[in-house]
Amino acid sequence: MAKLTIADLQKIKEKAERTRHLREGGMRAKVVVHMGTCGIASGARPVLQRLMELVEKENITDVALTTSGCAGLCSSEPMMTIEIAGEGPVKYVKLDPDKAEEVFRTHVLGGEVVTKYVLARGQEKAY
Amino acid sequence: MEQTTQAVRSHVMICAGTSCVELGSLAVRDALEKELRKHGLDKEVRVFTSGCNGFCTVGPIMIVYPEGVFYQRVDVDDVPELVEEHFLKGRVYERLLYTKPAGQEKVPMLNEIGFFSKQVLRALRNRGLIDPDNIEEYIARDGYSGLAKALTEMSPLGIIKEVKNSGLRGRGGGGFPTGMKWEFAARAEGDIKYVLCNADEGDPGAFMDRSILESDPHAVLEGMAIAGRALGASQGYIYVRAEYPLAIQRLHTAIDQAREVGLLGDNIFDTDYCFDIDLYYGAGAFVCGEETALIHSIEGKRGMPRPRPPFPAHKGLWGKPTVLNNVETYANVGQIILNGAAWYASLGTETSKGTKVFALTGDVNNNGLVEVPMGTTLRTIVFDIGGGIRKRRKFKAVQIGGPSGGCLPGDLLDTPVDYESVTRTGAIMGSGGLVVMDETNCMVDMARYFLEFTQDESCGKCTPCRVGTKVMLDVLDRICEGRGEEGDIALLEDLAETIRAGSLCGLGQTAPNPVLTTLRYFREEYEEHIREGRCRAHSCPALLKFRVIEDKCKKCGLCQRACPVDAVDWEKGQVAHIDLDKCIKCRSCYGACPFMAIE
């Protein structure tokens, strides 16, 4: 590896920004894909897969993409909960990869809740 | 070097400090990686190893980010279920969560565990967050940015001024202002100067420096490189104990990586500054933690102190101006330069700034490595962070400062930890050893233990230290064996004063401290040993005749199971009885009884 310059330090830092957010917190939003048995059976994994590809492609560093268990409404899986920092969590139901991408782009990146897929604005916290 | 850009949804930190490695954390890592692959999760979950997380009691430790879920005592056999629950199904795997000492309440989040929530991390800021074997991860957390600033935006005098203003003091124990030390060496005449790092950590129960070296070796290298710039040195040595193989291995890796990318070597950041670091292994002599003895040891001579002045800042290694600081001191330097003196000084007390790392051991629930702001009380450390005393016993004393320090009683628990407050109690801040003791510890025996250590480690140069500590030890041996005499206490005090006044280095000057502090705070225990032949902690074997207190005995039989020589007579539903003819006074039954029913 070539000798580092001060500019290189900055580049390394930028490259690792996502890692840093992931470990230290400071995420702007949290996206939870519910992956109980019901979620997995109805297709939560391709949903998660699509979102991960999206995060990588768009180089999104400040959104925590994570999984959790059954959200309690198994008949409406795959489900996803989006929690923008400082706002209440929003639950989306009956998703597929395309719908999930649409929700991610519009809600997480655009700030608009996608009402047509929403279950309800909930009060419960994802954690 | 590892690619860090790929989007993964989760990072799993596995602690690879000495303690967790001993407990099998590397096997857990391998099993985890295998299991994740099996489920096709290895692309989205990244496993990395970090240095010591600090909470050594509950290792092997695993933390899952971004949630920050803390798993403890993870075994290889737990891995399949854990992966299925946490990573496949996204549920917290409850069985391995931390449980509060009082009761059954499980705490999933790292930041909600009392042990962590009261700590402020500066010297240990990267612990558990970076892989110590990967320089990029250090750089990503602002690593070497302090060095960059020091080399390109600051003059050597500016660096010294910043360190002086920060109020940073020597973390090895003495508490000498670091900036002043640097200034002396910078002003000293000479074209060759040296930067030394003291990693010869020898206090019983102390592992602060080892943990820093294991979890964040680059922080120490960066601090030394900045010091080198300040004084005009081009060579540094780390004097590290050969007994720290993992720390040595990580230091070697770190030095190699830093050289490879030009952060050590010639013309760092294309400036005229050249600096390199080599390791020197210490053979484990306690006295080599003393600066002049350490320097002699590197020079290939016998590790013995010499009179000062001349101070090492003027005549140090091979007669050249030398700065010697402790591992923890250097670990703070990069951040001071990067964030400024005012930032650093915003924490702490009037005279002691910043934070201090302590190795918390002994009879507390949460053993481990803790970092707190200067001025935090001992009570907070022992009870809030340490989780109080084990086995529902009572607090008796806390030993601070190692063999040079002292034992402080319960009514001094509200002492804030800063250099001056601790010194006023008769103990010393020391390098950060904190041994907590419950009521079953005898203070005379404790003093004897530490004196035995210093007596053994005395280099023999000064007669008061060499002979005096031996005489003191003989007196303490006698007292513990029930052969104490009137006048022994006065003799101890007299000898202590002579040793303190007549020894050249810190080892001798402070060797009597454990005796003096126990005499000051626990004098009655000495008197009981001498006059009544009684040890209230039931610790000194010669003074013991064990018996079962019938009222307190719950007939559980634990004492019988603990006894190695079948001296305990017990049958189900019966009060136990100890046969004194068979008893070897090993204290096993005393330690095993949950009801304090044996005396």
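Just so we're on the same page: letters track the sequence lines, and every chain starts at 1. Worth knowing before you read on, the calculation uses all heavy atoms, side chains too, and leaves out hydrogens, waters and symmetry mates. Just so we're clear, the structure is a prediction, and the values are computed from it rather than from any experiment.
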| Quick one: what part of A/Ile60 sits under 4.5 Å from any heavy atom of chain B, side chain, backbone, both or neither? |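 Contact with chain B: none, neither part.
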
| By a 4.5 Å heavy-atom criterion (distance strictly below it), what part of A/Gln49 contacts chain B: side chain, backbone, both, or neither? | side chain

| query | Pick one: which of B/Asn267, B/Ile268, B/Leu263, B/Val261 meets side-chain contact (heavy atoms from CB on, under 4.5 Å) with A/Lys3? | reply |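 The passing option is B/Asn267.
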
How long is the span from the [atom1] atom in [X] to the [atom2] atom in [Y], to the nearest 0.5 Å?
{"X": "A/Thr5", "Y": "B/Asp270", "atom1": "OG1", "atom2": "CG", "value": "7.5 Å"}
{"X": "A/Glu56", "Y": "B/Glu44", "atom1": "CD", "atom2": "CD", "value": "12.0 Å"}
{"X": "B/Tyr144", "Y": "A/Leu9", "atom1": "OH", "atom2": "CG", "value": "10.0 Å"}

| query | What are the two closest heavy atoms between A/Thr67 and B/Phe87, and how far apart are they? | reply |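 Scanning both residues, the minimum pair turns out to be OG1-O, 4.3 Å.
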
| said: Below 4.5 Å, heavy-atom pairs only: which of B/Ile63, B/Asp142, B/Thr152 has the largest tally toward chain A? | reply: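 If we count pairs closer than 4.5 Å to chain A, B/Asp142 comes out on top.
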
| task | Sort out for me which of B/Gly143, B/Gly68, B/Ser145, B/Gly265 touches chain A most, counting heavy-atom pairs under 4.5 Å. | result |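 Most heavy-atom pairs within the cutoff with chain A belong to B/Ser145.
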
| Is there a side-chain contact between A/Leu48 and B/Arg9, using heavy atoms and a 4.5 Å cut-off? | yes

| task | Would you mind reporting whether A/Asp8 and B/Ile139 have side-chain heavy atoms less than 4.5 Å apart? | result | no

| query | Hey, is B/Glu137 close enough to A/Arg23 for a salt bridge, meaning N to O under 4.0 Å? | reply |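 A/Arg23 and B/Glu137: salt-bridged.
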
| field | A/Lys13 and B/Glu136 ion-paired at < 4.0 Å | value | no

| message | Please enumerate all residues that pass side-chain hydrogen bond (donor to acceptor under 3.5 Å, both in side chains) together with B/Arg29, with sequence neighbours excluded. | response | none

| Is it the backbone or the side chain of B/Ser10 that comes under 4.5 Å from a heavy atom of chain A, or both, or neither? |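 The backbone, not the side chain.
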
| field | Contacting moiety of B/Tyr138, where chain A heavy atoms sit under 4.5 Å | value |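 For B/Tyr138, there is no contact with chain A at all, as no heavy atom is under 4.5 Å.
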
| said: With a 6.0 Å cut-off (strictly less than), is the heavy-atom count around CD of A/Glu58, excluding the residue itself, greater than 12? | reply: yes

